[in-house]
Amino acid sequence: MSLPPPDSPHPDLSTAAGQAAYRAELFRVARPLRLAGLTLAILGILFLFEAQGWHSIAERTYGLAGIVLIAAGFSLMIVGIIKRSLYHRKKMRELEASKPR
């Protein structure tokens, strides 16, 4: 998984450059999971197009494989989104804790 280093400094979200840097950091979190999920979902859709009639055994196999690939792809995308959200929540908690009171 492509997570930024855990000891990376807290972003300075008060500046535009800091916001852009944090946005780029957040974009890299769980990116392989999200891209793999998207790839599997697209491949599943292509399999469904191949199984147009569902009349022969091969068409049924392609159709079922397409459904399984789409489900697996969406699952991977959801896991990637959840990991990214948890990372963001953790970084914001750390940022709040590091602020002087």
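Computed from a prediction, not measured in an experiment: that's the story for all the values here.
Looking at T39 and L43, their side chains never come closer than 4.5 Å, going by heavy atoms from C-beta outward. Contact annotation: the side chain of R31 never approaches that of R84 to less than 4.5 Å [non-hydrogen atoms, C-beta and beyond]. At least one side-chain heavy atom of E25 sits less than 4.5 Å from a side-chain heavy atom of K91. In this structure, K83 and Y87 have side chains that are not in contact, with every pair of non-hydrogen atoms separated by 4.5 Å or more.
Here the closest heavy-atom approach between residue G63 and residue L48 is recorded as O-CD2, 3.4 Å. The minimum heavy-atom distance between G37 and L76, with the atom names listed, is CA-CB, 3.7 Å. In plain terms, the two heavy atoms of F47 and A65 that are nearest each other are CD2-CB, 3.7 Å.
Residues L35 and I81 do not share a hydrophobic cluster, defined by chaining ILVMFWY side chains whose heavy atoms lie under 4.5 Å apart. Clustering ILVMFWY residues whenever any of their side-chain heavy atoms sit less than 4.5 angstrom apart, transitively, puts I45 in the very cluster that holds I67. When hydrophobic clusters are built by joining Ile, Leu, Val, Met, Phe, Trp and Tyr residues whose side-chain heavy atoms come closer than 4.5 Å, directly or via intermediates, L38 is grouped together with F49.
The side-chain contact (heavy atoms from CB on, under 4.5 Å) search around F74 returns I70, M77, not counting sequence neighbours. Every side-chain contact (heavy atoms from CB on, under 4.5 Å) that R89 has, sequence neighbours left out, goes to L86, R93. Applying the side-chain contact (heavy atoms from CB on, under 4.5 Å) criterion to A51, with sequence neighbours excluded, gives W54, E59, Y62.
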